[in-house]
Chemist: 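This is the structure I want to talk about, given as structure tokens.
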Amino acid sequence: MPELPEVETVRRGLANGVVGRTLQATRVLHPRATRRHEPGPDAFAVGLDGRQIASIDRRGKFLWFTFADHGDALVAHLGMSGQFRILVDADGLDSHVRASWQLDDGRLLAFRDQRTFGWLLLSPWTTGQGGDIPTAVSHIGRDPFDPDFDSEGAARALAKSHASIKRGLLNQRHVSGIGNIYADEALWRAQVHPDTPASVLQAEGCRRVIAAATEVMTEALAVGGTSFDPLYVTVNGDLGWFARSLDAYGREGQPCRRCAAAIQRQRFTNRSSHFCATCQTLAED
DNA sequence: AGGGCAACCTGGGGGC
DNA sequence: TGCCCCCAGGTTGCCC
């Protein structure tokens with residue numbers, strides 16, 4: 001479940017379901033799941049067994065488990081298709097489960113990932129302003145749901161770039177958590193063409209785009225995120241309901257809900273941008 | 001510096 | 001039925 005509202009939905013499910021539990025019998029069922037854990041899958045398992053979960057935390061699309069012993073964090077990225085599922089028995093352990101744990105209350109925790117772009121690793125901590133963060137996440141900027149997110153600062157940083165605003169939103173450095181769906185939705189709401197250079201928008205324009213992204217992601221989180229299919233579900237397997245509220249993403253050829261012109265789809269770096277060419281204006285340098 | 005693109009994967013859907 | 005091509009909520013890195 002890839003973008004911020006979906007990852008936060010997963011975080012909440014894990015926080016409710018596994019905090020206080022102890023991980024046991026770590027199993028790595030696919031080598032790609034721990035490919036970023038340099039010491040390898042065996043060391044990964046040894047590093048987790050017997051550890052009690054203290055909290056589930058998140059920055060942008062990166063999740064991590066903090067343990068009561070204050071040791072290395074378990075960092076997870078869901079990639080394009082990763083899920084965490086809490087199971088009452090082993091019946092749900094299908095062929096897409098890449099790692100699993102026995103919990104000390106008899107239930108199972110499973111990491112499923114059809115496309116295997118997701119990953120798990122154990123990470124030490126880096127100390128920075130505002131506290132500690134796993135080193136594996138320290139290159140990611142704060143997200144708009146972070147109480148310490150500096151919207152003005154992020155807008156100023158974005159506006160220094162001559163790259164397109166869409167590229168700036170997808171870059172996780174200054175603002176994290178925004179992916180292809182919410183970038184397109186934010187730009188539609190702010191009436192900004194995705195190819196507009198961030199520098200042309202200036203800090204004020206970037207601030208308005210960030211505000212639109214925050215607004216749309218807040219609305220999506222309230223209904224459990226966007227699920228086009230059962231690849232994107234909560235820890236209990238429930239779907240999110242925001243897909244029906246999308247204004248731009250996936251609406252190629254359908255009328256703009258603001259001006260009725262047909263929504264366009266344009267290729268953008270091996271993916272797609274969806275926008276209204278009539279009411280999302282493009283300013284040039 | 002910024003854009004393009006391939007790499008890493010599995011699987012669904014449409015066209016023929 | 002099958003095959004082939006395109007598509008997909010991400011990230012990284014390399015090449016011009």
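Below, chains carry the letters A, B, ... as their sequence lines are ordered, and counting in each starts from 1.
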Chemist: A:Arg267 side chain N/O closer than 4.0 Å to the phosphate oxygens (OP1, OP2) of B:dG4?
Modeler: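 No.
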Chemist: Of the listed nucleotides (C:dG9, B:dT10, B:dG3), which one gets closest to any side-chain atom of A:Ala163?
Modeler: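 Between C:dG9, B:dT10, B:dG3, the one nearest the side chain of A:Ala163 would be B:dG3.
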Chemist: Would you tell me if any nitrogen or oxygen in the side chain of A:Gln172 comes within less than 4.0 Å of OP1 or OP2 on C:dT11?
Modeler: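 For C:dT11, OP1 or OP2 has a side-chain N or O of A:Gln172 closer than 4.0 Å.
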Chemist: NA contact type, A:Tyr249, heavy-atom cut-off 4.0 Å: base, sugar-phosphate, or nothing?
Modeler: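 The residue A:Tyr249 makes sugar-phosphate contact but no base contact.
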Chemist: Does C:dT12 have OP1 or OP2 sitting under 4.0 Å from an N or O in the side chain of A:His139?
Modeler: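 A:His139 to C:dT12 OP1/OP2: side-chain N or O found under 4.0 Å.
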Chemist: Looking at B:dC9, C:dA8, B:dG4, which one has an atom nearest to any side-chain atom of A:Thr116?
Modeler: B:dC9
Chemist: How would you list, by chain and number, every residue that makes a side chain to side chain donor-acceptor pair (under 3.5 Å) with A:Asn270, sequence neighbours excluded?
Modeler: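 So A:Asn270 forms no side chain to side chain donor-acceptor pair (under 3.5 Å) with any residue.
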Chemist: Sticking with atom P, work out how far B:dC9 lies from C:dC3, rounded to a whole angstrom.
Modeler: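 Their P atoms lie roughly 23 Å apart.
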Chemist: Distance check: side-chain N/O of A:Lys61 vs OP1/OP2 of C:dT11, anything under 4.0 Å?
Modeler: yes
Chemist: If I pick the P atom on C:dC7 and the same atom on B:dC5, what distance separates them, to the nearest angstrom?
Modeler: 13 Å
Chemist: NA contact type, A:Arg173, heavy-atom cut-off 4.0 Å: base, sugar-phosphate, or nothing?
Modeler: nothing
Chemist: Does atom CZ of A:Arg257 have more than 12 heavy-atom neighbours, drawn from other residues, nucleotides or ligands, at distances under 6.0 Å?
Modeler: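 More than 12 within 6.0 Å, yes.
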Chemist: Side chain of A:Thr269 only, please: which of B:dG4, B:dT10, C:dT11 is the nearest?
Modeler: B:dG4
Chemist: Could you tell me whether A:His30 contacts a base, only the sugar-phosphate backbone, or nothing, with contacts defined as non-hydrogen atoms closer than 4.0 Å?
Modeler: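 No contact.
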Chemist: Between B:dA6 and A:Asn270, counting only base atoms on the nucleotide and side-chain atoms on the residue, is there a donor-acceptor pair under 3.5 Å?
Modeler: yes
Chemist: Given C:dT11, B:dC9, C:dA8, identify the nucleotide with an atom nearest to the side chain of A:Arg32.
Modeler: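 Side chain of A:Arg32 sits closest to B:dC9.
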Chemist: Using a 6.0 Å distance limit plus a 45 degree cone around the ring axis, check whether A:Arg107 lies over the aromatic ring of A:Trp101.
Modeler: no
Chemist: Please answer whether the main-chain N or O of A:Ile178 pairs with a side-chain N or O of A:Lys61 as donor and acceptor at a distance below 3.5 Å.
Modeler: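 Between the backbone of A:Ile178 and the side chain of A:Lys61 there is a qualifying donor-acceptor contact (under 3.5 Å).
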Chemist: Is the shortest side-chain N/O distance from A:Ser161 to OP1 or OP2 of B:dG2 below 4.0 Å?
Modeler: yes
